[in-house]
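The structure under discussion is supplied below as C-alpha cells; questions concerning it will follow.
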Amino acid sequence: MGQRVLNLRRCAINRRILSILTCLAGWLLLGLLLSACGGGGEDDNPVAAQRATAVPPTATPRSTALPDVPPAPELGQPERPLTLFFVPEGSRRAATDAADSLADYLGDELGLAVEVRLASDQSQALDAVCSGAPAAAWLDAFTAASAVERCGAEPVLTITRGRGSDATIGTSAELVTRTGIPSVRELAGRPFCRVEGEELTSWIAPGLILEAQGLDPFTDLGPIYTYPDAEEMIGALYRGECSAAAFVPDVFADLQNNPPRDLENAAGERVASEQLIAALTVLVPAADVSAPEGAWAGYPPNVIPYDILVFPPTSAIPAALRDQLVTSLEDFAGERDGQELLREVLDASGLLRLDAAAFEGFRAQVVQAGWDMAYTP
C-alpha cells in the first residue's frame with residue numbers, strides 16, 4: 001500500500017515538470033516569432049528599406065571606321081624627290097646652271113625625280129643630310145666628319161684636283177721650326193707663326209699635327225703671331241720672332257732657294273739661301289697627297305681631304321639606289337656638262353670612290369683633337 005502511494009506521488013511530480021517545460025518551450029517559440037516579424041518593445045527602431053533608383057536605358061555605342069590615310073609617296077616620286085646639295089665654291093649663277101644640268105641627267109638616267117640644290121653654307125647641307133629625308137650633300141672634310149658622327153652618314157665620293165700624275169686628294173703642310181728644336185713637344189710655350197687668310201694650311205693642318213703629339217695648339221703654345229704672307233712669315237722665323245710655322249711644301253722649298261729680297265741678317269746684308277737652310281728645318285714633313293691610281297687604303301695621316309659626298313643612312317636612301325646615284329655621277333663627270341659642274345661647283349678635276357674605312361683615319365684624328373667637326377675653314 002505504501003509503495004503504491006509513493007508511485008502515485010512520483011507520477012504527479014513528473015506530470016507537473018513536463019507541463020512547466022512545455023510552457024517554457026511555447027514562450028520561447030513565441031518570442032522567436034515576434035523577433036522575426038519586427039516586433040519588440042519601445043526601444044525597437046526599424047529602418048525602412050530604400051527604394052532603388054531606376055537607371056535610364058542608354059544606346060549601345062558602336063565603333064566607326066577611321067578615315068583612310070593615303071600611303072606615303074614612293075621614294076623618287078615628284079612628291080618625295082631625291083635631293084643632292086652643293087655648297088658652291090665659285091659663281092653661284094654658273095653653279096645654278098651646272099646643277100640644273102645634273103638634275104636633268106640624273107632624272108633621265110634613274111627614271112626618278114631628282115633635285116639638285118645649292119646650299120647657302122655647310123651647316124644647311126649638314127642639316128639636310130641628317131634630317132631623315134632622302135638627301136645627300138657635298139661637304140668639306142670637317143663637316144663630313146661631323147655628319148658621320150651625328151647621324152651615321154656614309155662617305156661615298158671625293159674629288160681630286162689636278163690632272164694625271166699631278167692629281168691630289170687633299171691638303172697637307174710641313175711643320176717648320178728653327179734649327180735645334182728636336183721634337184713637337186718642345187714647342188710647348190714657344191711662339192707660333194701663321195699666315196692671315198690661310199687658316200687651313202698655316203693653322204688647322206699644323207694644329208692636327210700638334211694634337212697627334214699631345215700638344216693643344218690653343219692652350220699649350222706661346223703667343224700666336226699672324227703675318228700677311230709666307231714671305232713675311234719665313235722672315236719672322238729666321239729672325240727668331242717665332243719658333244715654328246707651317247708651309248705648303250712647294251712654297252717653303254721655293255722660299256729657301258729664293259729668299260725674299262728684303263730679308264736681311266743681323267749685319268744688314270741680304271740673307272742667302274744657305275743661311276735660311278741652316279737656320280730652319282722641317283720637323284714634320286708633309287704627307288703624300290697624290291691621288292691613287294687604283295685601290296687605296298685611305299687618307300694618310302696629316303692630310304685634310306677635299307670635299308666629300310656623304311649620303312644619309314640606308315633608312316633614308318637604300319644602298320642599291322645610292323650605288324646607282326654614285327655610278328650616274330661618275331658617268332656625268334666624264335661629260336662636258338659634268339666637267340663644268342666639277343669646275344664651277346667643287347673646284348675639282350675628277351671624282352674618286354670613297355668609303356667609311358678610307359675616311360676613318362681622318363675622322364678619328366679630328367675626334368681625337370676634340371675640335372668642332374662642323375668648323376668650316
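Quick note: residue numbers are just sequence positions, from 1.
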Q: Evaluate the side-chain proximity of Ser243 to Thr177: yes if any heavy-atom separation is below 4.5 Å, no if none is.
A: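 Not in contact.
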
**Q.** Backbone N/O of Asp347 and side chain of Arg161: donor-acceptor pair under 3.5 Å
**A.**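 Looks like yes, one N/O pair under 3.5 Å.
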
**Q.** Ring center gap for Tyr299 and Phe362 short of 6.0 angstrom
**A.**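 For Tyr299 and Phe362, the ring centres are not under 6.0 Å apart.
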
Q) Are any of the side-chain heavy atoms of Val251 and Thr201 separated by less than 4.5 Å? A)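 The answer is no, as the side chains (C-beta and beyond) never meet within the 4.5 Å cut-off.
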
Q.
With a 4.5 Å cut-off on side-chain heavy atoms, are Leu221 and Leu215 touching?
A.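 Yes. Closest side-chain heavy atoms under 4.5 Å.
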
**Q.** side chain to side chain contact (heavy atoms under 4.5 Å, CB included) evaluation trace for Leu75 with Leu82
**A.** CA-CA 7 Å; Leu75 183 60; Leu82 298 166; 3.7 Å; yes

**Q.** CD/Glu196: more than 12 non-hydrogen atoms of other groups inside 6.0 Å
**A.**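 Count not over threshold, so no.
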
Q) Going through the distances and angles, do Tyr238 and Glu264 end up as a side chain to side chain donor-acceptor pair (under 3.5 Å)? A) CA-CA 10 Å; Tyr238 173 77; Glu264 297 180 346; over 6 Å; no

Q. Does one side chain, of Asp140 or Thr143, offer a donor that lies under 3.5 Å from an acceptor on the other?
A.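 Looking only at side-chain atoms, Thr143 and Asp140 do form a donor-acceptor pair, the distance falling under 3.5 Å.
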
Q: Would you please test Ser202 and Glu198 for side chain to side chain donor-acceptor pair (under 3.5 Å) and show each step?
A: CA-CA 6 Å; Ser202 71; Glu198 295 184 7; 5.4 Å; no

Q. Should Asp127 and Arg150 count as an ion pair when the cut-off is N to O under 4.0 Å?
A.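 Yes, this pair counts.
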
Q | CZ-CG distance between Phe252 and Leu276, expressed to the nearest 0.5 angstrom | A |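 The distance works out to 7.5 Å.
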
Q) Is the closest side-chain heavy-atom distance between Arg353 and Val326 below 4.5 Å? A)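 Answer yes - side chains close enough.
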
Q) So, do Ile234 and Phe247 sit near enough that their side-chain heavy atoms are less than 4.5 Å apart? A)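 Yes. Closest side-chain heavy atoms under 4.5 Å.
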
Q: Find the distance between CG (Leu255) and CG (Asp229) and round it off to the nearest 0.5 Å.
A: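 Output value for this atom pair is 9.0 Å.
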
Q | Distance, nearest 0.5 Å, that separates CG of Leu280 from CD of Gln256 | A |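 Those atoms lie 6.5 Å apart.
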
Q. Transitively linked via ILVMFWY side-chain contacts under 4.5 Å: Val345 with Val129?
A.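 In one cluster with Val345: Val129, no.
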
Q. Quick one: does Val184's side chain get under 4.5 Å of Leu210's, heavy atoms only?
A.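 Yes, at least one pair of side-chain atoms sits under 4.5 Å.
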
Q. With under 30° as parallel and over 60° as perpendicular, where do the rings of Phe86 and Trp138 fit, or are they tilted in between?
A.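 Taking Trp138 first and then Phe86, their aromatic rings lie parallel (interplane angle under 30°).
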
Q. Taking the six-membered ring of Tyr225, is NZ or CZ of Arg194 closer than 6.0 Å to its centre and within 45° of its axis?
A.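 Ring-cation test returns no.
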
Q) Between the side chains of Asp288 and Ser290, does any donor sit under 3.5 Å from an acceptor? A)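 There is such a pair between these side chains.
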
Q.
Rounded to the nearest 0.5 Å, what separates atom OG1 in Thr96 from atom CZ in Arg117?
A.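 That separation rounds to 13.0 Å.
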
Q: Kindly indicate whether the side chain of Glu149, heavy atoms from C-beta on, has any atom under 4.5 Å from the side chain of Arg363.
A: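 The answer is yes, as the side chains (C-beta and beyond) meet within the 4.5 Å cut-off.
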
Q. Side chains of Arg322 and Glu154: does their closest heavy-atom pair fall under 4.5 Å?
A.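 Counting from C-beta outward, Arg322 and Glu154 do come under 4.5 Å.
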
Q.
Return the OH to CD1 distance between Tyr306 and Ile159, rounded to the nearest 0.5 Å.
A.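 Going from the OH atom of Tyr306 to the CD1 atom of Ile159 covers 7.5 Å.
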
